[in-house]
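First comes the structure, then the notes that go with it.
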Protein chains: 2
Amino acid sequence: MTEELSGGDLHRLRQLNALTVMRTLRGGSALTLTELAQRTGLSRASTEDVVRDLLERGWVAEAELKVGTVGRPARRYRFRADAGRVLGVDIGGHKVLALLSDLDGEVLHSERVGVDPSMGRMERLAAVDRAIAGALAGAGVSTADVWATGVATTGLVDGTGRVMLSEALPEWTGVDVAGHVSRRVSGPVLVENDSKLAALAESWRGVARYAKDVVFLLAGLRTGAGLIIDGKLHRGFGNAAGEIGALPQVGWIRAQEHLKAWTPGPGVTNIFQAARDGDRKAVAAIRRYVKDIAVGASALVLTLDPELVVVGGGFSRSADLILGTLRAELDRRCIRTPEVRASALADEGVALGALRLALDHVDAALNRPGELAAPSSFLA
Amino acid sequence: MTEELSGGDLHRLRQLNALTVMRTLRGGSALTLTELAQRTGLSRASTEDVVRDLLERGWVAEAELKVGTVGRPARRYRFRADAGRVLGVDIGGHKVLALLSDLDGEVLHSERVGVDPSMGRMERLAAVDRAIAGALAGAGVSTADVWATGVATTGLVDGTGRVMLSEALPEWTGVDVAGHVSRRVSGPVLVENDSKLAALAESWRGVARYAKDVVFLLAGLRTGAGLIIDGKLHRGFGNAAGEIGALPQVGWIRAQEHLKAWTPGPGVTNIFQAARDGDRKAVAAIRRYVKDIAVGASALVLTLDPELVVVGGGFSRSADLILGTLRAELDRRCIRTPEVRASALADEGVALGALRLALDHVDAALNRPGELAAPSSFLA
DNA sequence: TTAATAATGATGGAATCCTGAATAATCATG
DNA sequence: CATGATTATTCAGGATTCCATCATTATTAA
């Protein structure tokens, strides 16, 4: 949302005012003209003018009147979140999750397809197709209604939406994810690393909503990180920001070993459950795992000095067993220990981030000076 | 310079246009109205109106006519960089350097006062006073003309301009730098860590001018880092960003030991000179030093994936002996190795960064909507 | 039915921008 | 030294947009 403020002629001023009206309407509920005028700082008359424009162009719609108040009932206007649809897809090792939402990011349908790390790329892509088709069908939406699609995948992603390198899924390296998905939906397809998108989701709808600088740790079968800096997702020059796990000293690769080394007792398959039940060896293994993770986390924290560290990923359900040790380790290593919290987005975080990526694309078009022509301009 | 674009009434539009005119004039040479109109995108008539306003309020001045062209000679207008002065001060271990510049950042006078790491805080503050007084006197400027002052110091600086912790100068911990300097100059005093300001200087006038994401390494008797992210100085939530040296594994503290362990031969006191002259032990010591530095640098680079790493500080004069090893080490450790370059700002980098800090403050006031009242408003 | 309340609609004034034509200043040339 | 070419400046007219104000309209409460 940071633009160079550049002035211009009167037409541009109207555009700017139309944008502020749109932003005020966006996400919130329907507003009357008087309310809109108050919030935007414009006069009532001008607000009316702007809204008439937006109404004609299809960006806003009239909501029902609210009855039961004294005085003449006011017309109420709302953002036409139903004018288009966006799609967010998480391609993971164990599941493919597709979320279909309206332009407010309100999820209309979610479709989950189970996959397996051992699957080949064709099988996995077929699962992606099924998830997308299911999400569209479930919401009763055709591909033409989809304005933008965000896709999350493991591994490094290049500028064209191709997977440059995936350590967790070797078969996946080199797959042209954007190309494949583009053939299934209309509109632009944006592909990004899953840890980064999970971080984005936290700063959108998660526990990091009010923080400007955030380190997000994806703790699960793989370990990864995503960075929010100054409220924005930080990608890095080569899209490789946050890949601290590659540093051998950091030991994110060997961290998992501690967990794998634990042998389940009879009837218990989950190390975290075992630890809660008092299994000493499980507790110790988890502690060693967290200590390894914490080295890399310290490097991220010392580099950025964030306000908040969020732990997400599969293991965040067992935050009670992780956060204490993590806090202690960070405290030991860092100059200023940030707040440490667990994600509350369950296993939908990554897909929500993908959704947000698609929404960002729509918003950018909304804010592009000279645009705001009409919603249908997306389909051109 | 990044503001939310918010629209408003016609008066606000004029303000925005006045700002774009100011930005166009800023830093560049004098321009005619026709040139200004072309660059700002405004019509000639409106540009004239805006410039008349700015002229009346004292922000711009008429420059001399340029003769020798065909046609009626055009009036030319320039930013009144001479309307005020700013001061940048670097308080280091071995010197205090004060730069006095105009509002374009053109340095008018620089004053250097030698100090010693063993000095007490009173002695050092006295040296600061002398440097400031010398810079003012040298440029023939009174304290009242100084609109803003930036100060660089070693150690962690808190929000009020007090040194929270200085490892290099233990006596310096707790000194209220902003308070002291405020009593010597008029206008606001901004204090910041020296590594951070050196980074700022590189992205302003150094080799990092065209990079958005930069890691700056201060390599000298102390080691430090400063980060430029998305074109802006990154401070962190507690102003402790870049303090990766605190991580014991990183070894920035022991790095110096390698250099100190080298014993000078007869007639040679400088390890870098010795290395150039073929002293094997000196070469090896430097290599070990750089390898230690590189561990922390790798952590910074892996975290941020910057476009560029800049090496500054006292040792950057000997970049020929450092950069090769540093590149090789980064290459070994990082996923994508950024470009590595040496600073070209000699030992004025930190002071220039302090100057930029002061100028940023002036610019912010210039860009604050509702301001742009008159230059003299700074003195109120 | 009337009073109170609050939204809508219409009018006029002011600020700002743009376009285009008339005027002014300088250089080159006969 | 006058004239034309060239470019700047100045001025006038028209258009857009915003704001303030007032009359009108729709609804609830008494």
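The sequence lines fix the lettering, A, B, ..., with proteins before strands; numbering per chain opens at 1. When reading the values below, keep in mind they use all heavy atoms of this one structure, side chains included, and skip hydrogens, waters and symmetry mates.
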Item checked: Shortest non-hydrogen contact from B:Leu352 toward B:Arg205 -> CD2-NH1, 4.3 Å

Check: For A:Arg76 and C:dA6, what is the distance between atoms CZ and P respectively, to the nearest whole Å?
Finding: 17 Å

Check: Expressed in angstrom and rounded to an integer, what is the separation of B:Arg52 atom CZ from D:dC11 atom C1'?
Finding: 11 Å

Check: Step by step, would you call A:Lys232 with B:Asp230 a salt bridge (charged side-chain N to carboxylate O under 4.0 Å, His left out)?
Finding: CA-CA 10 Å; A:Lys232 295 202 304 275; B:Asp230 208 14; 2.9 Å; yes

Item checked: Residues A:Glu35, A:Arg76; criterion salt bridge (charged side-chain N to carboxylate O under 4.0 Å, His left out); working and verdict -> CA-CA 9 Å; A:Glu35 287 164 339; A:Arg76 288 156 68 244; 5.8 Å; no

Next item on the list: Report the distance from atom CG of B:Asp53 to atom C1' of C:dA15, rounded to the nearest whole Å.
Entry: 12 Å

Notebook entry, point to check: Short question: side chain of A:Ser182, backbone of A:Ala178 - any donor-acceptor pair under 3.5 Å?
Noted result: yes

Margin query: With a 4.0 Å cut-off on N to O distance, would you call B:Asp363 and B:Arg356 a salt bridge?
Written below: yes

Margin query: In this structure, how many angstroms lie between the C1' atom of C:dA15 and the CG atom of B:Leu16, rounded?
Written below: 15 Å

Next item on the list: Using the side-chain contact (heavy atoms from CB on, under 4.5 Å) rule, take A:Tyr77 and A:Leu31 through it: C-alpha gap first, then chi angles, then the decisive distance, then the call.
Entry: CA-CA 5 Å; A:Tyr77 300 92; A:Leu31 295 176; over 6 Å; no

Check: How long is the line joining CD of A:Glu35 and C1' of C:dT8, in whole Å?
Finding: 15 Å

Notebook entry, point to check: So which nucleotide from D:dA26, C:dG9, D:dT7 ends up closest to the side chain of A:Pro73?
Noted result: D:dA26

Checklist line | Whole angstrom value for the distance that separates C1' of C:dA6 from CZ of A:Arg75 | finding: 14 Å

Checklist line | Donor/acceptor link under 3.5 angstrom from A:Arg72 side chain onto base of D:dT25 | finding: yes

Enumerate all atom pairs, one protein N or O and one N or O from nucleotides 16-23 of chain D, separated by less than 3.5 Å.
{"unit_1": "D:dC18", "atom_1": "OP1", "unit_2": "A:Asn17", "atom_2": "ND2", "d": "2.8"}
{"unit_1": "D:dC18", "atom_1": "OP2", "unit_2": "A:Arg14", "atom_2": "NE", "d": "3.2"}
{"unit_1": "D:dC18", "atom_1": "OP2", "unit_2": "A:Arg14", "atom_2": "NH2", "d": "2.7"}
{"unit_1": "D:dC19", "atom_1": "OP2", "unit_2": "A:Ser43", "atom_2": "N", "d": "2.9"}
{"unit_1": "D:dC19", "atom_1": "OP2", "unit_2": "A:Ser43", "atom_2": "OG", "d": "2.8"}
{"unit_1": "D:dC19", "atom_1": "OP2", "unit_2": "A:Ser46", "atom_2": "OG", "d": "2.6"}

Next item on the list: Please work out if B:Thr32 contacts a base, only the sugar-phosphate, or nothing of the nucleic acid, heavy-atom cut-off 4.0 Å.
Entry: nothing

